[in-house]
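Any value given below was found using the heavy atoms of this structure, including those in side chains, with hydrogens, waters and symmetry copies removed.
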2 protein chains.
Amino acid sequence: MARRSDSQGRLDDAARAGWLYYVAGRTQDEIAAAMGISRQSAQRLVSLAVAERLIKVRLDHPISACLELSNALRDKFNLRYIDVVPSDPVGTSTTVGIAEAAAAEIERWLKKPEPIVLAIGTGRTLKAAVDQLPSMECPQHRIVSLTGNITPDGSAAYYNVIFSMADAIKARHFPMPLPVLCSSAEERVLLHGQPIVQSTLTLGAAADVTFVGIGELGEDAPLCVDGFLAPDDMAALMSRGAVGEICGWMFDQNGKLLADPINDRVASVPIPPRERGTVIGVALGRRKERSMAAALRGGMINGLITDEKTAEHMLSA
Amino acid sequence: MARRSDSQGRLDDAARAGWLYYVAGRTQDEIAAAMGISRQSAQRLVSLAVAERLIKVRLDHPISACLELSNALRDKFNLRYIDVVPSDPVGTSTTVGIAEAAAAEIERWLKKPEPIVLAIGTGRTLKAAVDQLPSMECPQHRIVSLTGNITPDGSAAYYNVIFSMADAIKARHFPMPLPVLCSSAEERVLLHGQPIVQSTLTLGAAADVTFVGIGELGEDAPLCVDGFLAPDDMAALMSRGAVGEICGWMFDQNGKLLADPINDRVASVPIPPRERGTVIGVALGRRKERSMAAALRGGMINGLITDEKTAEHMLSA
DNA sequence: TCATAAAATGAGTAATTGCCCATGAGCAAG
DNA sequence: CTTGCTCATGGGCAATTACTCATTTTATGA
């Protein structure tokens, strides 16, 4: 088949090889013969196709164990949406599975013909999810970021979900050019008064569906690791009853927003109302169980994507 | 996880195994250990998941559609070679894409160490293709032109593919110093009796691979534009059932050579036999669709390089 | 309870794939 | 022109996967 010398052509070849391998079911030997390259090169192209995420695999079957957990969780927490994926037995990497599941659900929403507002938070899990999204043309939708992407040092190095998403999804997108935490309540008032931020706030309140990560608290929590909160402040916050956060909004063990000065400094868009829209939490893992259970209990989220193991803990909690 | 003996449970296990294999990327050994079964059983479950189409693989790349079209066309018309390149979205039928693809395929043949005979027709598309060829030293091969390059007024202004090719490719080349059409069948006999033409005819019949354009008929067809055929003659020819031409050889809508006096006047080398060699048509565009479909249907060509849009029409034709 | 057929199993083996490494082409800097 | 660097290539080999076949297990009905 046609070979082109530039790197674009290499990706094309990778796509061809990947297609022949995974979709057409050819062996790498056959692919090599068909493309006029060595078997090793064919293998490299197939690897490249996987590495470049050209090949998307998904499982289309409700595994009964997961299904049972799903139903139980839906009833217990009155959820609008629930997806439980099988646990990785080894379970070292934290986003395997739910990233694909979250991507599939995001895609399902984006495929709707009628215009929607999709809000999204940040975090490693959501980043992994949007990286799974295929290219789509969705001019009818609007995508809004709930959380700022500016770190305390002024850079934009946080998990930059909205921009990664914009790479794949052709839709109007509204970033949040603020830090996660302001220095004071007064500063927040000032920042939120900016016209650009105003429109994002308005849009966020009208979100039809929202995808958020669920953050745990502690010294190795994302908020500390990424420098938004000093370890001392974190400890103090936890002693005042905070157990988790969603987009920076701190909540207690009952899943209620913490009545604490820190929440007056959170620059994020308020979590969209659950009465009208679906707010889907995407998280898994032992460390997040406590905050996830609280968020579910208090109705901070009314949708959940998690794995089997975590789902079991949510049920027994 | 516990194994279930009913077939539903078996499918569940298959789904689980398939998920672990394709999504989580674990080996079948690991899956076997995790599920408490033998590795053979794990392999069977993975196979089952694929066979039952529980695992959906998708290629997220523009050329995926091209590959599907390629396979469908290959099956439908029993092709030895097929390459479908992405359509130029703006594209009002240029040679963008297929010229490069044709050049790449020509190059692939020329890179073979064992001697081959490569035959080539003429036309704007092929001209664009050979212009893409890099310099190569191929003393082992022979290149033969199937079609004359002399216009009715005696000049050599037609798309001069063989000489352009000879500029780039160092190989023995055999031009066809005749017009496309003779004035009569008797003249053809006379011209074909010349020793130089004889050797070209012999070589053409032995071509291993052939690249030809596919010409449409009509007032603005190349044959008219370049003055080989008067508009009146063209109209008469079409009324007698001609729908297209390859190297001047007229064929009907079934892709069979037209039983018509004009084909006795065609000075070109007969199209090399398809039983032994590969005859690749290189063409695209709405105006050529009818003649392309006929040529494919009748087996005048057993290879095709075209674009996505045209390929779709070939399938639905 | 037993006979029978169908399905599942695991050993063995062939085929396929993944990966390391030496090699050489291509290319930029000196 | 030489040197040094990068990177694609293909050989070789180990790991992994697919398949075959004899045997065992399971389901079913009399």
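One can place CD of A:Q40 at 16 Å from P of C:dT23, the figure rounded to the nearest angstrom. Atom CD1 of B:I31 is separated from atom P of D:dA18 by 10 Å (rounded to the nearest Å). What separates CG of A:L20 from C1' of C:dT16 is a distance of 16 Å, to the nearest Å. Here D:dC7 presents its P atom at 14 Å from CG of A:L48, a figure rounded to the nearest Å. Whole-Å rounding puts the B:D29 CG to D:dA14 C1' distance at 14 Å. Rounding to whole angstrom units, CG of residue A:L45 and P of D:dG10 are separated by 11 Å.
For C:dG18, the base has a donor-acceptor partner in the side chain of A:R39 [N/O atoms by modelled type, under 3.5 angstrom].
Nearest nucleotide to the A:R44 side chain, out of C:dG12, D:dC21, C:dC21: C:dC21. For A:Q43, the side-chain atoms get nearest to C:dG18 when compared with the rest of C:dG18, D:dG10, C:dG10.
Distances shown here put a side-chain N or O of A:S41 below 4.0 Å from the OP1 or OP2 atom of D:dT9. Taking 4.0 angstrom as the limit, B:Q28 places a side-chain polar atom (N or O) nearer than this to OP1 or OP2 of D:dA18. Put simply, B:T27 has no side-chain N or O that comes within less than 4.0 Å of OP1 or OP2 on D:dT16. Of the side-chain N and O atoms in B:Y21, one or more sit less than 4.0 angstrom from OP1 or OP2 of D:dT17.
Between B:R108 and B:E105 there is a salt bridge, since at least one side-chain N of the basic residue sits less than 4.0 Å from a carboxylate O of the acidic one. Checked for salt-bridge contact, B:D131 and B:K127 meet the test: a charged N lies under 4.0 Å from a carboxylate O. Under 4.0 Å is where a charged nitrogen must lie from a carboxylate oxygen, and between A:R287 and A:D220 at least one such pair does. Salt bridge present: B:R16 and A:E308 bring a charged side-chain N and a carboxylate O closer than 4.0 Å.
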